[in-house]
Structures are given as structure tokens and as C-alpha cells.
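Just the heavy atoms: all of them, side chains too, but no hydrogens, waters or symmetry mates, feed the values below.
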Amino acid sequence: MSVQLVLGVQLPSSATLEAFVGDVNAGARASIAQIIEGRSERLFLAGPESSGKTHLLQAACRAIGDAGQRSCYLPLAQVRQRLKPLVENLAEMDCVCIDDIDAIAGQREAEIALVGLSDALRARGSRLVAAGSRLPRELGLALPDLATRLAWGGAVCCRALDDEDKIALLVERGAQRGMTLPEPTARWILKHADSDVPTLMATLDTLDRASLAAQRRLTIPFVKQTLDNR
């Protein structure tokens with residue numbers, strides 16, 4: 001794998017295109033597949049939190065690295081304080097995936113650094129994928145040139161997951177952990193627990209630990225008892 005990891009940032013093992021489940025954002029998945037296959041060079045993903053943008057960026061980074069090319073995942077919310085020196089080392093990448101563009105909106109020096117990175121990557125035919133909560137022109141960027149560059153390859157709007165996609169996500173993430181989560185149990189969890197994606201994943205963590213400790217299957221009665229006793 002030829003993935004460059006910035007300090008303190010690791011790609012989770014679940015960050016693969018195959019693990020991206022559901023139908024709501026199938027178009028975004030297909031667009032990322034084109035990036036991975038080298039059929040597109042630019043893409044911007046816009047959408048609310050927990051709509052799968054980060055997963056897709058990380059999946060692209062991993063797949064391109066697994067293919068022997070140089071890739072990097074850059075989460076701006078975590079690294080914005082040291083962005084300039086980081087960016088200077090990324091111009092030779094085959095693909096850079098930039099998350100949380102919102103985090104630097106209005107910060108002129110950071111935006112200038114990203115314009116420079118965008119131009120350097122384009123000059124060598126490298127790929128650039130970025131994501132933010134809204135389309136580039138709506139992010140409040142200080143530099144119109146950055147908004148233009150982020151939109152060069154077109155944008156795909158990601159939507160919040162619907163209930164069916166959340167159920168599929170629970171089942172898939174459970175399987176990745178070696179858990180068998182029956183669909184009726186997943187539906188019960190969605191109905192009776194907080195349904196935002198981070199909370200659902202935290203609930204899955206709780207159930208994984210409880211199931212291993214008790215050596216019990218994830219039946220609805222066992223899940224109910226576990227969650228009631230938290």
C-alpha cells in the first residue's frame with residue numbers, strides 16, 4: 001500500500017468501496033469508482049454530516065494506494081493548524097482526498113495553499129477529491145479561485161441515509177466485526193435507539209462487547225436487555 005498518512009490520522013479497516021452500503025448515495029459511490037479507476041480526475045462531494053462522504057474519500061485513498069499509487073487522505077478539521085507544510089509535501093501524490101473543506105473556509109492563507117496544491121496536481125495529471133457540507137460556491141470561501149478549482153470535475157450531492165440504508169449499514173458493520181446481526185434486530189435497534197449514524201455505530205460497539213462477554217447471539221431480547229442496562 002502506498003498511502004501517505006498525516007500525523008495522527010489512520011484509515012479505518014472499514015474504509016473500502018465494497019463496504020459502502022445502501023442506495024441513497026449510489027451515484028456518489030459510482031463517481032468515486034470512476035476516480036479510483038482513473039476515468040475521472042476531479043470530484044467534489046457535498047452533503048450533510050454522516051452521509052458517507054468521509055467513507056468514500058477514505059475508500060478512494062485506500063484503493064488507489066492498494067493499486068501501488070501514492071495517495072493521501074487530508075482531514076482539514078484535524079490538520080488545519082499545520083496545513084501549509086503538509087500541503088507542500090503532497091504535490092507529487094497520484095491522488096489527494098481532502099475532507100472538511102468547511103474547516104478552512106474564509107482562511108485566506110489556507111485557501112491559497114489549497115489553490116497551489118490543486119494546480120500542482122492538475123499539472124501532473126493527478127486526482128483530487130474533496131468534500132464539504134455544501135457545494136463549493138456555497139461554502140463561504142474567501143477565494144473564488146478555490147471554489148472554481150474544487151468544482152472543476154463536477155459535484156455530487158450526498159444525502160442523509162434513510163432507514164433502509166441505516167439497517168444495511170448496521171448489518172454490514174456487524175459482519176465486519178464478525179457479528180451476525182439479524183435484520184429484524186437491526187430494525188429494532190433503529191426504532192428504539194437514537195438513529196443518527198455515530199450513535200448507531202456506538203451502539204454497535206456496545207453490543208459487540210456485550211455479545212462477546214456473554215457469548216450470546218444478538219437477539220432482540222438480548223439487545224434490549226443490554227441497552228437498558230447501559
Side-chain angles (χ1 to χ4, degrees), residues 3-4 6 9 17 20 24-65 69-160:
V3 176
Q4 180 173 325
V6 298
V9 177
L17 203 58
F20 189 80
V24 165
N25 294 314
R29 184 189 188 281
S31 295
I32 287 291
Q34 290 187 348
I35 292 286
I36 292 170
E37 294 161 8
R39 293 187 286 130
S40 297
E41 287 186 0
R42 296 276 168 139
L43 181 66
F44 190 88
L45 300 177
E49 192 174 347
S50 301
S51 58
K53 304 188 305 297
T54 292
H55 183 113
L56 289 172
L57 291 180
Q58 293 177 343
C61 183
R62 180 184 295 279
I64 291 167
Q69 296 177 296
R70 294 166 297 177
S71 62
C72 181
Y73 170 69
L74 189 66
L76 296 185
Q78 297 180 48
V79 303
R80 57 186 167 186
Q81 300 302 326
R82 54 188 192 279
L83 181 60
K84 188 174 180 180
L86 285 174
V87 164
E88 291 173 351
N89 295 322
L90 299 181
E92 299 301 314
M93 291 286 110
D94 295 300
C95 181
V96 177
C97 301
I98 305 177
D99 209 351
D100 306 316
I101 290 289
D102 307 63
I104 56 90
Q107 299 176 25
R108 189 175 182 84
E109 291 303 314
E111 292 187 25
I112 289 172
L114 291 183
V115 168
L117 175 62
S118 174
D119 290 348
L121 293 172
R122 192 183 197 195
R124 66 185 308 273
S126 297
R127 286 158 281 185
L128 175 63
V129 189
S133 63
R134 295 176 298 281
L135 295 171
R137 66 178 182 272
E138 300 170 354
L139 285 172
L141 297 170
L143 300 180
D145 283 351
L146 179 57
T148 298
R149 283 160 172 75
L150 291 174
W152 267 344
V156 176
C157 291
C158 297
R159 291 159 40 200

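In this structure, the side chain of K53 does not engage the main chain of F44 through any donor-acceptor pair within 3.5 Å. Using modelled atom types, one side-chain atom of R29 and one backbone atom of L17 make a donor-acceptor pair closer than 3.5 Å. Between the side chain of E111 and the main chain of A105, no donor-acceptor pair closer than 3.5 Å is present. Distance alone, capped at 3.5 Å, places no donor-acceptor pair between the R122 side chain and the E41 backbone. Looking at R80, its side chain never comes within 3.5 Å of a backbone N or O of I104 through a donor-acceptor pair. Of the possible donor and acceptor atoms, one in the side chain of D94 sits under 3.5 Å from a partner among the backbone N and O of R70. With hydrogens and angles disregarded, a donor-acceptor distance shorter than 3.5 Å links the side chain of R124 to the backbone of E92. One N or O on the side chain of S31 and one on the backbone of G27 form a donor-acceptor pair closer than 3.5 Å.
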After noting the C-alpha distance and the side-chain angles of L121 and C95, does the key distance pass the side chain to side chain contact (heavy atoms under 4.5 Å, CB included) rule?
-> CA-CA 8 Å; L121 293 172; C95 181; over 6 Å; no
Show your reasoning for whether side chain to side chain contact (heavy atoms under 4.5 Å, CB included) applies to V87 and V96.
-> CA-CA 10 Å; V87 164; V96 177; over 6 Å; no
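The shortest side-chain heavy-atom distance between Q58 and D99 does not fall under the 4.5 Å cut-off. In this structure the side chain of L114 reaches within 4.5 angstrom of the side chain of I101, judged on heavy atoms. Proximity of R127 to L43: side-chain heavy atoms (C-beta onward) are nowhere separated by under 4.5 Å. Two residues are said to be in side-chain contact when any heavy atoms from C-beta on lie closer than 4.5 Å; V129 and L56 fail this criterion. Considering only heavy atoms from C-beta on, S118 comes within 4.5 Å of L128 through its side chain. Counting only heavy atoms from C-beta outward, the side chains of N25 and V156 never approach each other to under 4.5 Å.
Between E138 and R134 the shortest heavy-atom distance is O-NE, 3.0 Å. Residues L141 and P136 come closest through the heavy atom pair CD1-O, 3.8 Å. Taking every heavy atom of both residues into account, G65 and S71 meet most closely at N-OG, 3.5 Å. S51 and C158 make their closest contact through OG-CB, 3.6 Å (heavy atoms, listed as atom of the first residue, atom of the second, distance).
Here the CG atom belonging to N89 is positioned 13.0 Å from the NZ atom belonging to K84, to the nearest 0.5 angstrom. Annotation: the span from E109 atom CD to L143 atom CG amounts to 9.0 Å, rounded to 0.5 Å. Here the CD1-SG distance, from I64 to C72, works out to 11.5 Å after rounding to the nearest 0.5 Å. One finds the OG atom of S40 at 9.5 Å from the CD1 atom of I32 (value rounded to the nearest 0.5 Å). Here I112 contributes atom CD1 and L117 contributes atom CG; the two are 14.0 Å apart, rounded to the nearest 0.5 Å. Note that CG of L76 and CD of Q107 are 9.5 Å apart. Values are rounded to the nearest 0.5 Å.
Residue Q34 places its CD atom among more than 12 non-hydrogen atoms of other residues, nucleotides or ligands, all under 6.0 Å distant.
The ring-ring contact (aromatic ring centres under 6.0 Å, His included) pairs that include a residue from residues 126-147 number zero, where partners must be two or more places apart or lie in different chains.
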